[in-house]
Amino acid sequence: MTDFPAKRHLYLFQSFNALSYWIILGTPIVLLTLWLGGGSRAVGIVSSVMPFLAILQIPSTRYITRLGYRRAMLAGWTSRTMMILGFVALPFLKNIWSSNNLVLALVAILFTWSFLRGLANVSWFPWLRGLVPEQYRGRYFAWENIYVQLMSLIIFFLSGLIVGKSPTAFRFSIIYFISFAAGMASLFFLGRIPNVEIPPHEEAWGPILPAVRHVFRDKNYRRFLIFIFIWTLSNSGFDSFIVLFLRQESALSERMILWLGAISSGAMIAALLGAGKFLDRWGSKPVMKICLSAILIYLCFWMMLAEGVFKPHLWLLICLFIYNGMVKATIWIATWRLLFVTAPQRNSLMSLAMFNTGVGVFGGATPLFWGFMIPQFPTDYFHSFGYYFMANMVLTLLALMMLQKVREKKSAKTWDVALALLTLPMRSALNLLCMLSIFQNREKAQEDEAAEGAKAAASTKALNSDNCSGRS
């Protein structure tokens, strides 16, 4: 694991924070939307609210220098956690309000929660950049994501057990109370993370547009932003629409869909155990190129499922969720690591706010667009979800082409990284065999040493007996 003073409280904060927000933003909120009477459009709106409100991060840079990173995060996260109580109460209104009113109330609560998050979240990445030394960032993001995915794994299994095969208002309410309790625990650890002084060269008090233009003049960072925006168009809301697809096209229950998510989280944890050190050694860009190529294969399988080439058998879905979990976890931490490398050092508040805002805008527009468009597609030639998967394949290919233009210092060639990945199982097996051989040789040496000691002791005893006989 990494070695810097703030790591313990950072990991604890992120663990409980993840336990809270996976319920708000993950599969449980999609299942709650459908249970309240919403359809694909409602799922699209719910999936887009939080990303859209990330646009608040650019104007909020103006007050971060006055409040400081830690104070801004504490204020926003405290207010945000209080809003979760609205989710706790909402399921009990199902038999009182109409479906439209229930979905509208759900969106309103989620809007307020996301609004408060958007105001404060701009301070998180600059704060983290000051806390985590550059040489530890790959490993830090890997271990952070291990804890995050471990919480995701717990919440998927726990939600599946609580919701069961026949969801009720009380069961959904319990899930969101767990989210509230975890949010309060995360605040406790957030308050114990040491503050970082805001660098004097930050220009947060200047006009916003000149600051944006100044950051966008950095050619390499501009290319990285274009890449990440295209990738966001492809990736955003995908998991939500997979849940919708499985509910419509398979006989899987809510519990089984949640447990598929848990399996994916378990695969993420397995991938993250070695990904951080691997990225610090080989660099982010070549690993991301391999991951994007792997995602193209993953999308092909979903396209074939939509078109009926394969049936959505449980064993196939388990394989797809494991595959996706391993690839997605790796590309996430590689992207964050590349972000910290390419973002201009001067005015990092604005450069990182532009990243979060762009991801938020495109990430919010994408599920909203597809939520309204999927039901409108003609089904004469392709399944309505077939158009969605094809569009994601095209966007992923464009993102791969754009990534090629981004420069990263200290990164290896893609072929060398691919070769290292292909030979990793063999090298791991050889290392294991070497360790076993060393262990066996050590045991044999100890046995030989013990046998020689016993022989020497027997010889000494015999010699002593002879001496005693001679004296007699």
Side-chain angles (χ1 to χ4, degrees), residues 1-2 14 18 124-125 128-129 132-149 152 220-221 223-236 238-239 264-265 267-299 322-343 351-352 355-356 358-359 362-363 392 395-422 424:
M1 290 174 63
T2 56
Q14 286 287 36
W124 177 244
F125 272 148
L128 201 60
R129 193 178 195 174
V132 184
E134 184 175 354
Q135 66 269 27
Y136 293 124
R137 285 174 186 164
R139 278 162 284 181
Y140 166 76
F141 283 126
W143 277 101
E144 178 195 273
N145 274 272
I146 286 172
Y147 292 125
V148 167
Q149 295 307 322
S152 171
N220 194 45
Y221 190 58
R223 288 172 174 172
F224 172 77
L225 287 178
I226 294 171
F227 153 73
I228 202 66
F229 296 160
I230 297 172
W231 166 237
T232 303
L233 286 172
S234 171
N235 183 59
S236 183
F238 188 83
D239 291 341
S264 181
S265 296
M268 287 183 178
I269 293 170
L272 288 166
L273 287 171
K277 194 173 181 180
F278 192 87
L279 287 167
D280 286 335
R281 179 182 178 185
W282 297 97
S284 297
K285 181 181 171 181
V287 175
M288 291 169 70
K289 288 165 70 176
I290 293 169
C291 287
L292 287 172
S293 302
I295 287 170
L296 283 171
I297 299 171
Y298 175 72
L299 291 170
I322 291 173
Y323 179 87
N324 182 52
M326 297 182 74
V327 174
K328 185 184 288 186
T330 307
I331 198 170
W332 275 353
I333 61 170
T335 301
W336 293 336
R337 187 180 177 279
L338 188 59
L339 165 67
F340 279 26
V341 170
T342 56
S351 60
L352 295 172
F355 168 82
N356 285 324
V359 168
F362 288 103
N392 277 309
L395 288 167
T396 302
L397 187 60
L398 290 174
L400 183 58
M401 293 167 63
M402 193 65 218
L403 179 62
Q404 185 65 34
K405 298 181 179 181
V406 179
R407 295 191 317 273
E408 182 190 12
K409 297 177 183 177
K410 301 177 183 177
S411 67
K413 293 181 180 179
T414 307
W415 173 251
D416 293 337
V417 178
L419 194 62
L421 284 171
L422 288 171
L424 184 61

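Only a predicted model underlies this, so the values are computations on that prediction, with no experimental measurement involved.
Under the side chain to side chain contact (heavy atoms under 4.5 Å, CB included) criterion, Ala270 pairs with no residue at all, not counting sequence neighbours. Applying the ring pair (Phe, Tyr, Trp, His ring centres under 6.0 Å) criterion to Trp124, with sequence neighbours excluded, gives Phe13, Trp127. Partners of Tyr221 under the side-chain hydrogen bond (donor to acceptor under 3.5 Å, both in side chains) rule, at least two apart in sequence or in another chain, do not exist in this structure. With sequence neighbours excluded, the residues forming a side chain to side chain contact (heavy atoms under 4.5 Å, CB included) with Leu400 are Lys289, Leu292, Ser293, listed by chain and number. With sequence neighbours excluded, the residues satisfying side-chain hydrogen bond (donor to acceptor under 3.5 Å, both in side chains) with Asn356 are Gln57.
Distance CD1/Ile269 to OG/Ser264: 10.0 Å, rounded to 0.5 Å. Taken to the nearest 0.5 Å, the OG atom of Ser351 stands 8.5 Å off from the CG atom of Leu225. Rounded to the nearest 0.5 Å, atoms OG1 (Thr330) and CE (Met268) are 9.5 Å apart. Rounding to the nearest 0.5 angstrom, the gap separating the CZ atom in Arg223 from the NZ atom in Lys405 is 7.0 Å.
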>> Using side-chain contact (heavy atoms from CB on, under 4.5 Å), reason through Met402 and Val406 one step at a time and then give a plain yes or no.
In response: CA-CA 7 Å; Met402 193 65 218; Val406 179; 5.6 Å; no

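Contact record, Val148 with Gln14: CG2-O, 4.1 Å, taken as the closest heavy-atom pair. Closest approach of Ser236 to Gly363, counting heavy atoms only: OG-O, 2.6 Å. The minimum heavy-atom distance between Arg407 and Thr342, with the atom names listed, is O-CG2, 4.0 Å.
The aromatic rings of Trp336 and Trp332 sit parallel, their planes meeting at an angle under 30°, below the 60° perpendicular limit. Between Phe355 and Phe224, the two ring planes are parallel [angle under 30°; tilted spans 30° to 60°].
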Between side-chain atoms of residues 226-234 and protein atoms elsewhere (two or more places apart, or another chain), which donor-acceptor pairs fall under 3.5 Å?
from: Thr232; atom 1: OG1; to: Ile228; atom 2: O; distance (Å): 2.6
from: Ser234; atom 1: OG; to: Asn392; atom 2: O; distance (Å): 3.3
from: Ser234; atom 1: OG; to: Thr396; atom 2: OG1; distance (Å): 2.8

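Sequence neighbours left out, the pairs with a member in residues 322-338 that pass salt bridge (charged side-chain N to carboxylate O under 4.0 Å, His left out) are Asp239-Lys328, Asp280-Arg337, Arg337-Glu408.
For the pair Leu128/Phe141, a side-chain contact is recorded, criterion being any heavy-atom separation below 4.5 Å from C-beta on. Side-chain contact between Leu403 and Leu338 is present, with at least one heavy-atom pair separated by less than 4.5 Å.
Put simply, the side chain of Tyr147 never gets that close to the backbone of Ala18: no donor and acceptor are under 3.5 Å apart.
Aromatic pair Phe340/Tyr140: ring centres not closer than 6.0 Å.
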